[in-house]
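Report on one structure; see the data block that follows.
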Amino acid sequence: MMTMQKKYLLTAVAAVTFLASFGQDKNLRLWYKQPAAQWEETLPLGNGRLGMMPDGGVQNEKIVLNDITLWSGSPQDANNYQAHLRMAEVQKLIAEGKNDVAQDIINQDFICKGAGSGNGNGAGIPFGSFQILANLNLQFSYPGTGDSTPKVEHYQRGLSLEHAVASSSYSINKVNYTKEYFTSFGDDVDVIRITADKPGKLNCKISMDRPERFSTAVNNSMLEISGTLDNGQGGNGMKYFAAVKTKLKGGKLHSLPRELQIKDATEIIIYITAKTDYKDPDFKENALKTLNAAVQKSYAVQKQAHISAYQKLFNRLSINLGTSKSQALPTNERLVNFQNDTHLDPALPALFFQFGRYLLISSIRVGLLPPNLQGLWANQVQTPWNSDYHIDLNLQMNHWPVEVANLSELNLPLTEYVKSLVPNGERTAKAYYNAEGWIAHVAANVWGFTEPGESANWGITKVGPGWLSNNLWMHYQYTGDKKYLLDIYPVIKGAAQFYKSLLTKDAKTGWLVTSPSSSPENAFYLPNGKEASICMGPTIDNQILRELFTNVVFASTELNKDQPFRQELQEILKQIPPVAQVSKKDGRIMEWLEDYKEVEPEHRHISHLYGLYPASLITPESTPDLIEACKKTLNARGDDGTGWSLAYKMLFWARLHDGDRAFKIYKDLMRTTLKTHINYGAGGGVYPNLLVAGPPFQIDGNFGGTAAIAEMLIQSHDGFIDLLPAIPEGWKGIGEIKGIRAQGNYTVNMSWKDGKITSYQIFSPISSYVKVRSNGMIQEVKTTRL
Ligand code: FUC
């Protein structure tokens, strides 16, 4: 054992040089030879609170600004407190197979009061919508070009993932212009520096606007925008404020009534501050304080502080899957090449993976909100699905890469968010189901909306509390942090209490199952030919119950709490359905308790494989009998789908140890599109900026895809660390990853050649032994102390 360890150590050192020579740094860049023609081509910057997307325009540059807290709408009580009175009737109808009749009642009485999420158009109703903060407009004129379009040479635009800095550069009339943009992690402002390499060549007007509800003014050479959003209840909602100050080298600043005008400067630094009154009544003063402090600093110091703060997180992990000729190409061309010569560009998935980590760091700040459907980036006042917190999959997927990608603390805003849902969630549990504990249904927002959605066929899905508890549990699994376990215990216990209250006995099998419920967003045919979604005991509920109750039993033992409740859960665990039922008709995992025929066989949700991922109820080792059924299920659903659905399918195939199939789907995820319509079927892909297109832009596909790449390289959910469990052919040649995480608080470095691990090292806070599968062999391996 000792000799083996030594060998690993030696090769790990050698690997450092190997990494540098592979030029991973050069791979950490997105770049283009032209400005962005539409928002989906712009490059996202963010510091977990502020977002900024510059289009790199030469004459007119539009820079979309965001603040993660900016929501229209307001708190409301949309609970129907009478609903529970019909609970017994609904349960009875479902038990009798009259799901369609039960569904009619649910549509009438078990939905929220009012307009709910407005079918994804909630900007003007209480539910609200995450919104664009403002556009910053820069209008340049270039000396000697008159009114005509200047001849632009050597144009380049890029985003460095190594530094979290975007840039663009070009030459006009032999003057070289350079722009650098970052959302400062150090000073909490947006910073843009524009330079000309010849004196006095910068002329620019700066203005701000947004599609509605704003006013602008210039005060003391500072451009301001402010307004109040619609609270959706006939009154004023959230207030926001943003301001711009400039610092010049050379030239002159003129204040116009609604814009700043700069003439003949050599360098312009633009600072942008923004705040909303979300949990901050002094938002305007605080925004100005931040701005004034930032303006005092030198650009070089500021940029360095930004980079250092960012790199503290980003540099925890490096990945190299090999190099390629395509690597030298602009990102949009590289994406096109990838569809033709996939095996030639293993560096693209590595870039996509690191871009996912970059996006996590950029859209999550400890102490603030978790990333919404678009992270923190939006260019509209009515964003798709209100850019809300969908908790029948999307919010959960947003957090799947966080632990494995060594960004563990970025899970904490989700924990706080889930806690914030509990008070209204308890009211909703009582109102609709006379249940203990808490429930939040499908669409949630920053205002504590936990009520069912506005339609039965999707709105009463029950997976939220249990599925979110899985995310919280993962943070514990990866860190072993007992204080955190104590902190989340009331939340996961409340979730278990809710499901416990909802159980009824299925007369046919004697199993305890949830009722009424549904399998996320899917529908089936009843024997009478009618369509329904409402059912009892959908497979995902059964799997969630099994996982959640087991975890709560574990936690209550570990924390020495609630012994009677623990025993109740243990008793229930003996009476719930098995992990999955396999259809006698077609050998697939059944999505429902009954072997119904689904309305849409290729439906994007694959909820009945929850046990395969993110849960670990189904694994090749522990449930070999279910593996074939999982494969049949996925084959029947088909490989195509919306962006997030592609990512989820990659994850499933990775868990089934089929790296080539996962990679095939990854290739589809990398199809470039510029489409923005709302898609529910096949055809997901990426925009040229590598943000995932459902379409429209939805960040869950980025985060799901990032998690999937990790899952192809390492797994640790089944009692041992599995190295390269699902590596596709094209990545086998030579590769290395350092700083990836495994459950049990381990950090892993590994290198491989021709698909075989050549060296690895496992780090842990205290040296211990851990089971590792490497090159097909499971061994107990001594860890290295961190
Ligand atoms: C659910 C998904 C859709 C989309 C939306 C935000 O409705 O089924 O595909 O992701 O959430």
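Just so you know, ligand 1 is whichever comes first in the structure, and atom 1 is the first atom listed for that ligand.
- Residues Ser583 and Asp595 have side chains that bring a donor and an acceptor to within less than 3.5 angstrom of each other.
- Counted by atom type alone, Asn522 and Ser519 present zero donor-acceptor pairs between their side chains at under 3.5 Å.
- Around ligand 1 you find Leu373, Trp385, His390, Asn394, Glu521, Arg604, His605, Trp644, Gln698, each with a heavy-atom distance below 4.0 Å.
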Under 3.5 Å donor-acceptor pairs involving side-chain atoms of residues 119-126, not counting sequence neighbours:
none

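- Side-chain contact between Asp388 and Phe449 is absent, with no heavy-atom pair separated by less than 4.5 Å.
- If you look at Phe703 and Trp400, their ring centroids are not closer than 6.0 Å.
- Between Thr450 and Asn424, the side chains place a donor N or O and an acceptor N or O closer than 3.5 Å (distance only, hydrogens not considered).
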